[in-house]
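Every value quoted in this text rests on a predicted model; they were computed, and no experiment measured them.
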Amino acid sequence: MRIGRSTMRERFSKTLQRLATHDSRIVFVGADLGYNAMREFRASFPQRFFMEGVAEQYVIGMVAGLASGGLIPYVQSIATFITRRAFEQLFIDIGLQRLRVRIVGSGGGLVYSALGPTHTALQDLALLRQVPNMGICIPRTNEELERLLVSTIEWDGPLYIRLSSGPAEGDRGPIGEMGRACVLRHGKGALIVSTGIVSSAISEIEELLVHRGLDPEVLHFSTLRPFDSASLCEAARRADQIIVIEEHHRDGGLGSMVIETLADAKILRPTTRIGTRLEATPSYGDYLEASVNYGLRGPALANAILAACVHPPSPS
């Protein structure tokens with residue numbers, strides 16, 4: 001798997017520029033992204049490009065005004081800053097008014113783990129689930145990001161798009177759509193539920209899991225809101241046990257949504273959540289190292305999945 005911080009950011013930039021060519025309502029607003037960020041967009045649409053400083057709360061107020069005037073602003077900043085620092089503005093200025101603002105969070109999850117817990121976005125999904133009317137997109141590949149971006153133009157309300165580090169072009173599995181989960185692998189017994197690039201990480205350890213005797217179904221969610229509860233319930237009814245995996249704290253994100261949805265539907269299955277924990281880690285390792293330490297990549301992920309099984313399979 002090719003790891004690189006700029007992979008999804010580059011696809012976002014190219015796709016948004018293409019969309020803006022056909023829709024004059026699209027504007028871009030950045031918050032301290034650096035001089036070269038979105039340079040092609042800036043060159044093509046200088047009157048629709050704004051680069052502000054370290055002022056996320058102000059930026060959210062600014063794009064609320066742009067959206068109120070009929071424009072469709074895409075505002076990009078580091079995920080942890082745009083969601084934590086500007087939470088009140090997101091809630092009041094954007095969410096309550098149901099404005100068509102697209103919040104693009106770079107460095108979702110553990111991408112900036114080398115900079116420590118102040119820069120890791122591991123609570124963003126839990127926070128934004130509380131914002132009224134806020135849609136939440138978590139693409140796992142560049143191709144999925146591009147398809148979701150096309151859907152965002154006419155989305156009626158605010159939307160969060162989480163950009164992560166991960167596979168550049170290698171994952172050719174099914175592509176999720178707005179509000180529709182997709183099955184990445186058919187199996188029986190265990191159901192693995194995942195989102196974002198963790199779904200691709202599961203595909204990479206498929207042979208190892210099968211060799212260890214596990215034949216799971218893998219259900220991927222590219223959006224947490226709208227949430228495809230029907231597909232989850234259908235898959236859960238076929239399963240003996242459920243394992244939820246996400247690059248996010250175990251509380252408040254996808255794992256919580258799965259448990260809440262199944263409880264409301266009165267579907268009771270042993271369910272295990274694999275993710276990070278609320279305790280801040282003192283480790284400042286790079287992205288891949290941090291992912292392995294949390295059991296979210298490679299053999300460490302396979303071991304975490306197998307350890308979560310209620311009835312561990314026997315090696316074949």
Backbone of Y287 reached by a side-chain donor or acceptor of S291 within 3.5 Å: yes
Out of curiosity, S256 OG to R129 CZ, how far, rounded to the nearest 0.5 Å? 6.0 Å
4.5 Å side-chain heavy-atom contact, S44 and T21: no
Salt-bridge present (K188, D240; N to O < 4.0 Å): no
Identify the residue among E207, E206, E217 that makes a salt bridge (Lys or Arg N to Asp or Glu O under 4.0 Å) with R185. E206
Same apolar cluster (I L V M F W Y, side chains within < 4.5 Å links), I259/I274: no
Would you kindly confirm whether L191 and V244 end up in one hydrophobic cluster when ILVMFWY residues are joined by side chain heavy atoms under 4.5 Å apart? yes
Are R297 and E247 close enough for a salt bridge, meaning some N to O gap below 4.0 Å? yes
Taking S194 for the side chain and E246 for the main chain, is one N or O donor matched with an acceptor at less than 3.5 Å? no
Please report the C-alpha distance between I161 and L148 in whole Å, then the side-chain angles of each, then the deciding distance to 0.1 Å, and finally whether the side-chain contact (heavy atoms from CB on, under 4.5 Å) criterion is met. CA-CA 9 Å; I161 305 167; L148 289 172; over 6 Å; no
Check: Q123 main-chain N/O paired with R84 side-chain donor or acceptor under 3.5 Å: no
Can L149 be reached from M38 by stepping across I, L, V, M, F, W or Y side chains whose heavy atoms are under 4.5 Å apart? yes
Can you see which heavy atom on R225 is nearest to which on L128, and at what distance? NH1-O, 3.9 Å
Count I, L, V, M, F, W, Y as connected when their side-chain heavy atoms are under 4.5 Å apart, and connections chain through other members. Are I78 and Y58 then in the same cluster? no
So do the side chains of L127 and V131 get within less than 4.5 Å of each other, counting heavy atoms only? no
Looking at every heavy atom in both T120 and S113, which two are closest together, and how far apart are they? CG2-CA, 3.6 Å
Salt-bridge criterion met for R18 and E40 (N-O under 4.0 Å): no
Any chance you could measure T152, atom OG1, to R100, atom CZ, to the nearest 0.5 Å? 9.5 Å
Are any non-hydrogen side-chain atoms of I175 and E146 less than 4.5 angstrom apart? no
Looking at S164, S200, S203, which hits side-chain contact (heavy atoms from CB on, under 4.5 Å) with R140? S200
Does any part of the side chain of P139, heavy atoms only, come nearer than 4.5 Å to the side chain of F12, both counted from C-beta? no
So does D93 get a backbone contact from the side chain of Q97, meaning a donor-acceptor N/O pair under 3.5 Å? yes
Let's go through F50 and M62 carefully: what are the C-alpha distance in whole Å and the side-chain angles of both, what is the deciding distance for side-chain contact (heavy atoms from CB on, under 4.5 Å) to 0.1 Å, and is it a yes or a no? CA-CA 10 Å; F50 305 89; M62 171 185 172; 3.7 Å; yes
Grab the two heavy atoms, one from I26 and one from R48, that are nearest each other, plus how far apart they are. O-NE, 2.9 Å
Looking at N133 and R98, what are the two nearest heavy atoms and their distance? OD1-NH1, 2.7 Å
Would you say R180 has more than 12 foreign heavy atoms packed within less than 6.0 Å of its CZ? no
Whether the S106 and Q76 side chains hold a donor-acceptor pair (N or O, under 3.5 Å, no angle test) is what I'd like checked. yes
Could you tell me whether the side chain of L184 reaches within less than 4.5 Å of the side chain of I202, counting heavy atoms only? no
Report whether I82 and I138 are members of the same hydrophobic cluster (ILVMFWY, side-chain heavy atoms less than 4.5 Å apart, transitive linking). yes
Looking at side-chain heavy atoms only, is the closest gap between Y112 and T118 below 4.5 Å? no
As an exercise, state the distance from CD of E260 to CZ of F227, rounded to the nearest 0.5 Å. 9.5 Å
Check E10 with K14, please: is the shortest side-chain N to carboxylate O separation under 4.0 Å? no
Side-chain donor or acceptor of R42 paired with backbone N/O of F49 under 3.5 Å: no
Rounded at 0.5 Å granularity, tell me how far CG in L262 sits from CZ in R269. 8.5 Å
Flag the pair Y74 / F28 as yes when their ring centroid distance falls below 6.0 Å, and as no otherwise. no
Start with the C-alpha gap between I243 and C309, add the side-chain angles, then the distance that decides, and say whether side-chain contact (heavy atoms from CB on, under 4.5 Å) holds. CA-CA 8 Å; I243 302 165; C309 292; 4.3 Å; yes
I'd like to know whether E234 forms a salt bridge (Lys or Arg N to Asp or Glu O under 4.0 Å) with R238, so could you lay out the CA-CA distance, the side-chain angles of the two residues, the decisive distance to 0.1 Å, and finally the verdict. CA-CA 7 Å; E234 180 182 349; R238 297 192 296 266; 3.5 Å; yes
Nearest 0.5 Å please: distance from the CG atom of L110 over to the CG atom of L288. 11.0 Å
Compare all side-chain heavy atoms of P226 with those of D228 and state whether any distance is below 4.5 angstrom. no
Looking at E144 and P174, what are the two nearest heavy atoms and their distance? OE2-O, 4.4 Å
Quick one: which of D124, T83, T223 gives a side chain to side chain donor-acceptor pair (under 3.5 Å) with Y160? D124
On a heavy-atom basis, which atom in I242 and which in A236 lie closest, and how many Å separate them? CD1-CB, 3.8 Å
May I ask you to check whether T15 and R11 show a side-chain donor-acceptor distance below 3.5 Å? no
Spacing of R39 atom CZ and Q17 atom CD [to the nearest 0.5 Å]: 11.0 Å
Decide yes or no on side-chain contact (heavy atoms from CB on, under 4.5 Å) for S77 and V59, but give the supporting numbers first. CA-CA 10 Å; S77 183; V59 165; over 6 Å; no
With heavy-atom distances below 4.5 Å as the criterion, would you say the side chains of V54 and R85 are in contact? yes
